[in-house]
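Values below: all heavy atoms of this structure, side chains included; hydrogens, waters and symmetry mates excluded. We count ligands from 1, going down the list as the structure has it; atoms in each ligand are counted the same way.
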Amino acid sequence: MLRIGCHLSSAKGFLAMGKEAVRIGADTFQFFTRNPRGGNAKELDLVDVAAYLEFAESNGIAQIIAHAPYTLNACAKDPGIREFTYRTMCDDLSRLSHIPDAMYNFHPGSHVKQGAEAGIQYIADMLDRIHGHGYGTPILLETMAGKGTEMGRSFEELQSILGRVEDSSSLGVCLDTCHVFDGGYDIVGSLEQVLAEFDAVIGLGRLKAIHLNDSKNGLGSRKDRHEKIGKGEIGLEAFRALVRHPRLKSLPFILETPNDLDGYQREIAVLRGFCT
Ligand code: FE
Ligand code: FE
Ligand code: ZN
């Protein structure tokens, strides 16, 4: 069965997210570990976490994704920002150790004026430092649209990071459909070729989650503007193929479309309909 959910607000805690997910027909979800613009995270409420874990177990919720804040930049030129990124990710990962089934997704960052090579090295160095702590949560690098000097647009660049890390066994990739399309991968006209390319360059074994978003802009636009499923340039048929694809269908699919909960509920129903 399709595992699908959407991005939810973590403001009311984990149990509230679990209940919200069930209400809209989801069996997974994503949340920000803290304010997406950065800042301190709330104290983790272990009573809420325990209640959530029991609720998730009895309601079949699994493979949830914790999303790092947008303000992090592992490959910033400013060492202070790199250190802040490292400390924030360590703090997030130590909290996530209380939620056994979660994965941690982050944007590789922007190499502003340093070049991709320097960016790759900074990101790999940070992942090595994090790995030294032995946090158990898998870490996912998200495929990016390639706005400005954003890292992670090409599969080759993601693989360069993964290949540079000393022990990449707990690392994976989260493929965002809007981002790869805006980055120039034609998942509408040539899904098979794009997946074959992913497999050849990175390996499909690394693919751990999918962000399902339509795009307001065309192939290769490098814009990163999400659209509702079927209302953008990717279109409904491409999403049908994605959620039904034998190499993808066991992965968690997360909607990050511009929607309220009712909108998410409708999109989940449509996408589930493709898989019955
Ligand atoms: Fe993201
Ligand atoms: Fe995304
Ligand atoms: Zn995006």
Side-chain angles (χ1 to χ4, degrees), residues 3-10 17 26 28-38 63-75 85 88-89 92-93 96 102-110 119 123 127 137-155 157-158 161 171-185 187 194 198 202 206-229 231-234 238-239 242-243 248 251-259 263-264 267-268 271:
R3 183 167 298 284
I4 187 165
C6 64
H7 190 91
L8 295 174
S9 163
S10 56
M17 286 192 283
T28 185
F29 61 88
Q30 176 178 270
F31 61 98
F32 281 122
T33 54
R34 59 191 73 214
N35 183 310
R37 302 277 158 219
Q63 294 173 284
I64 65 171
I65 298 181
H67 197 306
Y70 292 146
T71 40
L72 302 187
N73 187 1
C75 55
T85 299
T88 303
M89 288 181 70
D92 281 349
L93 286 160
L96 288 169
M103 298 185 280
Y104 186 52
N105 176 67
F106 80 107
H107 295 180
S110 285
I123 299 165
L127 289 169
T137 305
I139 300 176
L140 311 184
L141 291 93
E142 182 168 351
T143 62
M144 300 309 294
K147 267 187 310 185
T149 59
E150 201 170 58
M151 306 281 305
R153 184 199 62 82
S154 71
F155 299 160
E157 204 164 79
L158 290 167
I161 299 166
L171 299 178
V173 173
C174 172
L175 185 146
D176 185 307
T177 57
C178 169
H179 297 175
V180 292
F181 185 71
D182 285 19
Y185 291 98
I187 52 170
V194 173
F198 188 102
I202 302 178
R206 288 267 187 217
L207 185 56
K208 301 297 181 194
I210 308 272
H211 283 166
L212 269 187
N213 303 305
D214 211 326
S215 175
K216 286 191 194 294
N217 297 288
L219 179 67
S221 63
R222 302 204 181 188
K223 286 279 207 309
D224 189 6
R225 298 279 311 281
H226 299 189
E227 182 52 283
K228 293 185 173 73
I229 298 298
K231 300 280 194 282
E233 298 293 316
I234 295 177
F239 289 103
L242 279 156
V243 296
L248 308 179
L251 298 172
F253 290 89
I254 302 288
L255 296 158
E256 301 174 310
T257 47
N259 267 311
Y264 280 133
E267 288 188 346
I268 289 168
L271 291 157

(request) May I ask you to check if any N/O/S atom from Cys174 comes under 2.8 Å of the Fe ion (ligand 2)? (result) no

(message) Any N/O/S atom from His67 (main chain or side chain) under 2.8 Å of the Fe ion (ligand 1)?
(response) yes

(request) Determine, stepwise, if the pair Val194 / Val180 fulfils side-chain contact (heavy atoms from CB on, under 4.5 Å). (result) CA-CA 9 Å; Val194 173; Val180 292; 5.6 Å; no

(request) Just say parallel, tilted or perpendicular for the rings of His67 and His211, cut-offs at 30° and 60°. (result) parallel

(message) Regarding His211, does it place an N, O or S atom less than 2.8 Å from the Zn ion (ligand 3)?
(response) no

(message) To check your reading of the site, what angle at the Fe ion (ligand 2) do ND1 of His211 and OE1 of Glu256 form, to 10°?
(response) 90°

(message) Apply side-chain contact (heavy atoms from CB on, under 4.5 Å) to residues Phe181 and Asp214 and explain how you reach the verdict.
(response) CA-CA 9 Å; Phe181 185 71; Asp214 211 326; over 6 Å; no

(request) Tell me, with the steps shown, if Leu140 and Phe106 meet side-chain contact (heavy atoms from CB on, under 4.5 Å). (result) CA-CA 6 Å; Leu140 311 184; Phe106 80 107; over 6 Å; no

(message) So, of the N/O/S atoms that Glu142 has, which is the nearest one to the Fe ion (ligand 1)?
(response) OE1

(message) What verdict does the side-chain hydrogen bond (donor to acceptor under 3.5 Å, both in side chains) test give for His226 and Asp224, after you've listed the backbone C-alpha separation in whole Å, the side-chain angles of each residue and the deciding distance to 0.1 Å?
(response) CA-CA 6 Å; His226 299 189; Asp224 189 6; 3.1 Å; yes

(message) Given the Zn ion (ligand 3) as the apex, I'd like the angle to NE2 of His226 and OD1 of Asp224, rounded to 10 degrees.
(response) 90°

(message) Has Thr143 got a side-chain atom pairing as donor or acceptor with Asp176's backbone, closer than 3.5 angstrom?
(response) yes

(message) Suppose we only allow N, O or S atoms; which atom of Asp176 ends up nearest to the Fe ion (ligand 2)?
(response) OD2

